[in-house]
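Indexing begins at 1, ligand by ligand and atom by atom, following the structure's order. These numbers come from a predicted model, not from an experiment. The figures here come from the full heavy-atom set of this structure, side chains too, leaving out hydrogens, waters and symmetry mates.
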Amino acid sequence: MGESLLSRLITRAAYQPGDILISDPMQQRREFLAQQYGVGVTADNSEVAAATEVLLLAIKPQVFESVATALPSLGQNGPVPVILSILAGVPLSKLERAFPGVPIVRSMPNTPATVGAGITAIAPGTQVQPEHLDRAKTVLQAVGDVVQVPESLMDAVTGLSGSGPAYVAIFIEALTDGGVRAGLPRPIAAQLALQTVLGTATLIQETQLHPAELKDRVTSPGGTTIAGVAQLEKAGFRSACIEAVQAATERSRQLGS
Ligand SMILES: NC(=O)C1=CN([C@@H]2O[C@H](COP(=O)(O)OP(=O)(O)OC[C@H]3O[C@@H](n4cnc5c(N)ncnc54)[C@H](O)[C@@H]3O)[C@@H](O)[C@H]2O)C=CC1
Ligand SMILES: O=C(O)[C@@H]1CCC=N1
């Protein structure tokens, strides 16, 4: 996810590669990132503690405690940076205990950020002033839309839009398989499935139609669509989507505890 944000930030010239320093313990990753994006790299997390504007935390929640404990105090020799955390589940209370007095913005982006079509929810911590929030938004708006939510809703956001690209990808893959089963060559089925999802999302976005209204317009009496819809309902498609978001939300809560 860190690389998704990085690639778009550089493409949009929100930051110059020379102004970015990335710390990663894997040599292969460091070499790849330096070569691909021209950014500075280090294996020493404490070097990123010298960040002056934004310190993006993009590690796994499971290693947060050990990484945070090993970092020196932030802003020792200059301005205190805003910490922008994208960690699933890790609450502001835990982040603020690890970095006392530091402005922290908890956020949940998603992978369409890579192509500037992401959506990120943010929740500011207790030390965050309007200028800190602006700084965080500048980073995140370079990769898509930004919405602010109460922190209590961040796990639900993680279950929906954070994890959602995987659900949609499975749907596209499954539609493609359906086309293949119905006799279409796979490349054609894949193109039809992808453009159907993309086109429907764009149609709903541009017309502001309620999804149910669009469904009704496609569904001719006694026609093909209602036959397909009936099968989706029989297989519990809606329930599967609702339960998927719920399970991911609960997992997000677990990761932070
Ligand atoms: N993958 C996604 O779609 C999204 C992920 N996130 C969050 O982003 C974070 C990263 O997730 P992914 O990108 O999926 O994982 P990832 O495994 O692809 O990336 C984690 C990176 O952290 C590095 N790393 C491991 N230990 C480290 C340490 N001690 N110090 C510094 N770097 C270290 C790894 O080498 C790797 O490059 C997680 O907290 C996740 O909850 C948030 C939104 C969406
Ligand atoms: O699967 C995960 O834990 C991360 C958080 C949201 C999307 N991917």
- Query: Do Leu140 and Leu84 come within less than 4.5 Å of each other through their side chains, counting heavy atoms only?
  - Reply: yes
- Minimum heavy-atom distance between Val146 and Lys137, given as atom pair plus value: CG1-CG, 4.4 Å
- Query: Between Gln254 and Arg251, is any side-chain donor less than 3.5 angstrom from a side-chain acceptor?
  - Reply: yes
- Query: Quick one: which ligand 1 atoms are inside 4.0 Å of a heavy atom on Ser23?
  - Reply: 31 (C), 32 (N)
- Contact (N/O only, under 3.5 Å) between Asn45 and ligand 1: yes
- Task: Look at atom 1 (N) of ligand 1 and say which protein heavy atom is nearest, naming residue and atom and giving the distance to 0.1 Å.
- Result: Met1 CB, 4.1 Å
- Item | Heavy atom of protein closer than 4.0 angstrom to atom 4 (C) of ligand 2 | no
- Task: Check for a donor-acceptor pair, side chain of Arg135 on one end and backbone N or O of Val54 on the other, with a separation under 3.5 Å.
- Result: no
- Query: Ile86 heavy atoms, cut-off 4.0 Å: which ligand 1 atoms fall inside?
  - Reply: 6 (N), 7 (C), 8 (O), 41 (O), 42 (C)
- Hey, looking at atom 6 (C) of ligand 2, which of Gly89, Ser161, Gly162, Pro109 has the closest heavy atom? Gly162
- Might you work through the side-chain contact (heavy atoms from CB on, under 4.5 Å) test for Leu57 and Ile83, ending with a clear yes or no? CA-CA 7 Å; Leu57 277 184; Ile83 292 186; 3.9 Å; yes
- Message: Quiz question for you: does at least one protein heavy atom lie closer than 4.0 Å to atom 6 (N) of ligand 1?
- Response: yes
- Note on the structure: atom 1 (O) of ligand 2 sits nearest the protein heavy atom Ser163 OG, 4.8 Å
- Message: Among all the protein's non-hydrogen atoms, which is closest to atom 10 (C) of ligand 1, and how far away is it?
- Response: Ala58 O, 3.2 Å
- List the atom of Leu255, the atom of Gln62, and the distance in Å for their closest heavy-atom pair. CD2-NE2, 3.5 Å
- When you check the side-chain N and O atoms of Ser46 and Asp44, is any donor under 3.5 Å from an acceptor? yes
- For atom 39 (O) of ligand 1, what is the nearest protein heavy atom, given as residue, atom name and distance? Ile59 O, 2.6 Å
- For atom 32 (N) of ligand 1, closest protein heavy-atom neighbour: Pro25 CD, 3.3 Å
- State the atoms of ligand 1, each with its element, that fall below the 4.0 Å cut-off from a heavy-atom position in Ala88. 39 (O), 41 (O)
- Query: Will you find, in the side chains of Ser23 and Asn45, an N or O donor that is under 3.5 Å from an N or O acceptor?
  - Reply: yes
- Go through ligand 1 atom by atom and flag the ones less than 4.0 Å from a non-hydrogen atom of Pro109. 43 (C), 44 (C)
- Query: Distance only, no hydrogens: is a donor on one side chain within 3.5 Å (strictly under) of an acceptor on the other, for Glu31 and Gln35?
  - Reply: no
- Query: Considering only heavy atoms of Thr111, which atoms of ligand 1 have at least one such atom less than 4.0 Å away?
  - Reply: 3 (O)
- Look at atom 29 (N) of ligand 1 and say which protein heavy atom is nearest, naming residue and atom and giving the distance to 0.1 Å. Val67 CG2, 3.3 Å
- Test side-chain hydrogen bond (donor to acceptor under 3.5 Å, both in side chains) applied to Thr114 and Ser4, step by step: CA-CA 4 Å; Thr114 318; Ser4 291; 2.9 Å; yes
